[in-house]
Amino acid sequence: MNKKVLVVDDSKLWREFLKSIIKGFGCTVKVASDGLEAINKFFEFMPEIVITDYIMPNMNGVHLTRFIRSYPQFKNVGIVILTAENESINSFWAKESGANLFLQKTLDREKIIEKLKKFCERDYTIEWSMEFYKVRKEPYGELVDVLEERLRDEIITSKIFSMLQYIEDEEYLLNSFFNMSVSFFDPRSIHVLLITLSEGRIYSYSRDNEKFSLDNVKEKLFKILKKPVTPSKWKYVGNFSKDGRSLNNIKSFVLMHNGIEQGVILFENVEKDNDFKKYLNVALEPLGLVSKILNDFSDFKIKVEIDNLTQVFNKQFIISKLNELLKMHRRQNLPLSVVMIDIDDFKKINDTYGHIKGDEVLKQFSKLIKEGLRESDYLGRYGGEEFLVIFPATSCSDAKKVMERILNKVNKYNWKEEHGIEKITFSAGICCNLSKTVLGLINKADEKLYRAKRNGKNQVVGGE
């Protein structure tokens, strides 16, 4: 079998009995007489299997099992808990503690040997990276040392999970993690990739707001993914520029949950290397779960907020956002501009080229408008070929300038060559009257849109 097995029992008689039979299976064996000694032997020996008594001095078998399982690297270590007939533990509680097998000492010796032999033949492993994870150099002197470390680890885990209160603001959540990391091990910068088929998001944070090369950051993040997916769209948050610097001296980790890659995290120039190994060992598993939750939430938002065809906001979301911004802008006495857009003669496109080609036009049209807007602007599909644009903190005249640039962009686009159809144009109406309700704003913009239609189409009305 050639496995390493740690036997833990305060009875010398049982220690020697178990040691002899396990050695007979072809395993290497070490023994400990109590839970505290077992922990120190565990880190020194790194066994694939632990066989422990339940009742022992300093720390019982359940506590020892829970301690071992608290390290994600030890999730595949095989653990057996032995109990006497009168001890207050049953198989349910043994398994809930993380043990793989519950075995009573009162069984016939031959039965015990048979069950342990079968157990040792199973494929138990230890996942431990000397390069990245914590290696204990000093043994635990007292039980209080173990309890103090567990308390510290629980605080770190709790702190990471508490960040989920900011789940609706992923950028703020990750910035909070960066600030936490600075206080623990002072990295120069942190870079995070979160990725699903729907969307890939890259966040970069540094102590001095440095400029980074997006291509370099993206390459470093993708490099360690074993099964990278290609998302439908990308989002980048950070100080990126063409002349930004490349990363160096990085430590990179895949964020996993239930064996599935959720993303990657990179740490650059970590100052406190010992603290880094110690704390990251604790943080990686909860970070994997948080990444999974963030990815699921992002996918949910996309399904709820985004129009499937055009990949811009849907009608429900864009009206909700307009209502929110209208209230805010009234309070702050800031300008707010709303634009209604309608593709000219869209029915003819469907009738002439078919609905599949019409869908193609809607996708490209949405893309052209989006490219002409700022990050702070909102574009939503209001109806079939109607779109609503919200310009926060923007005067009517400035909104009109943007819309006229977009009109020019749509007019210049080579629809014939790219999509095999005649030129596409649109009409638009702008409203900036904050005294109106949401419906009032939209109706006013709609009125100006139809004035543009009556005036000959392919123009923007309002904003004077």
Side-chain angles (χ1 to χ4, degrees), residues 71-73 127-137 156 159-160 163 170-196 199-231 233-257 260-292 294-295 298 375:
Y71 292 84
Q73 294 75 30
E127 299 172 19
W128 186 262
S129 168
M130 291 291 187
E131 182 179 358
F132 293 128
Y133 300 114
K134 181 183 70 173
V135 179
R136 291 206 60 82
K137 295 179 181 176
I156 292 170
K159 185 75 175 171
I160 291 171
M163 292 177 185
E170 190 173 89
E171 183 180 347
Y172 183 83
L173 185 152
L174 292 171
N175 189 57
S176 297
F177 176 73
F178 170 67
N179 292 331
M180 175 181 162
S181 301
V182 168
S183 62
F184 275 114
F185 40 83
D186 205 19
R188 183 176 178 182
S189 67
I190 286 181
H191 308 267
V192 181
L193 165 68
L194 296 171
I195 190 166
T196 70
E199 186 178 40
R201 293 98 68 207
I202 290 178
Y203 297 87
S204 288
Y205 303 96
S206 70
R207 293 192 306 240
D208 304 314
N209 197 31
E210 299 174 275
K211 290 181 179 179
F212 296 100
S213 162
L214 178 58
D215 288 343
N216 177 257
V217 170
K218 199 170 182 179
E219 178 195 353
K220 298 286 186 187
L221 286 164
F222 257 86
K223 192 175 182 180
I224 67 166
L225 284 174
K226 291 181 181 176
K227 296 180 179 180
V229 298
T230 304
K233 62 176 182 175
W234 281 97
K235 175 184 174 183
Y236 306 108
V237 178
N239 197 359
F240 300 114
S241 69
K242 288 183 180 178
D243 59 347
R245 70 173 182 83
S246 299
L247 301 180
N248 58 76
N249 191 21
I250 60 171
K251 297 180 190 294
S252 54
F253 302 88
V254 177
L255 297 170
M256 304 277 290
H257 181 66
I260 299 172
E261 294 173 330
Q262 303 297 327
V264 177
I265 186 165
L266 304 182
F267 299 86
E268 183 187 30
N269 286 352
V270 172
E271 295 291 337
K272 303 172 185 175
D273 196 52
N274 288 337
D275 286 346
F276 176 73
K277 290 174 183 175
K278 183 164 59 177
Y279 294 128
L280 199 68
N281 177 71
V282 178
L284 271 180
E285 189 169 33
L287 281 175
L289 177 55
V290 167
S291 301
K292 164 68 173 167
L294 289 173
N295 279 338
S298 173
E375 276 192 29

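Count residues from 1 along the sequence.
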For Met180 and Ile156: C-alpha separation, side-chain torsions, deciding distance, then whether side chain to side chain contact (heavy atoms under 4.5 Å, CB included) applies.
CA-CA 10 Å; Met180 175 181 162; Ile156 292 170; 4.1 Å; yes
What's the separation between atom NZ in Lys251 and atom CZ in Phe253, rounded to the nearest 0.5 Å?
7.0 Å
Residue that, paired with Ser291, satisfies side chain to side chain contact (heavy atoms under 4.5 Å, CB included) out of Val264, Leu255, Leu193:
Leu255
NZ of Lys218: more than 12 outside heavy atoms within 6.0 angstrom?
yes
Around Glu285, counting heavy atoms of other residues, nucleotides and ligands shown, do more than 12 lie under 6.0 Å from its CD?
no
Which heavy atom of Asp186 sits nearest to which heavy atom of Arg207, and what is that distance?
O-NH1, 2.9 Å
Shortest non-hydrogen contact from Pro231 toward Ile195
CD-CD1, 3.9 Å
To the nearest 0.5 Å, atom OG of Ser246 lies from atom CG of Asp215 at 9.5 Å
Report the relative orientation of the aromatic rings in Phe178 and Tyr205; use parallel for angles under 30°, tilted for 30 to 60°, perpendicular for over 60°.
parallel
What verdict does the side chain to side chain donor-acceptor pair (under 3.5 Å) test give for Asp243 and Ser241, after you've listed the backbone C-alpha separation in whole Å, the side-chain angles of each residue and the deciding distance to 0.1 Å?
CA-CA 5 Å; Asp243 59 347; Ser241 69; 2.7 Å; yes
Which pair of non-hydrogen atoms, one from Ser298 and one from Glu199, has the smallest distance, and what is that distance?
OG-OE1, 3.1 Å
Please tell me if the side chains of Glu261 and Met256 come closer than 4.5 Å, counting only heavy atoms from C-beta onward.
yes
How about Phe177 and Val192: do any of their side-chain heavy atoms sit closer than 4.5 Å?
no
With His191, the side chain to side chain contact (heavy atoms under 4.5 Å, CB included) member among Ile202, Ile265, Asn216, Leu266
Leu266
Inter-residue atom distance Lys242.NZ - Leu214.CG, 0.5 Å rounding:
11.5 Å
Return a table of donor-acceptor pairs under 3.5 angstrom between the side chains of residues 219-229 and protein atoms on other chains or two or more places apart.
none

Report yes if the side chains of Arg201 and Leu294 come closer than 4.5 Å at any heavy-atom pair, otherwise no.
yes
Separation between CG of Leu247 and CZ of Arg188, rounded to the nearest 0.5 Å
9.5 Å
Strictly below 4.0 Å, N to O, side chains only: are Arg245 and Glu268 in salt-bridge contact?
yes
So how far is it from Ser189 OG to Asn269 CG, rounded to the nearest 0.5 Å?
7.5 Å
Are side-chain heavy atoms of Phe276 and Glu271 found at a separation under 4.5 Å?
no
Which residue is it: Asn175, Val217, Val237? I am looking for the one with a side chain to side chain contact (heavy atoms under 4.5 Å, CB included) to Tyr203.
Val237
Closest non-hydrogen contact found for Phe185 with Val270 is O-CG1, 3.6 Å
Looking only at heavy atoms, which two atoms of Pro187 and Ser181 are closest? And how far apart?
CD-O, 3.5 Å
As an exercise, state the distance from CG of Leu280 to CG of Leu287, rounded to the nearest 0.5 Å.
7.0 Å
Polar side-chain atom of Asn295 near backbone of Leu194 as donor-acceptor pair, under 3.5 Å:
no
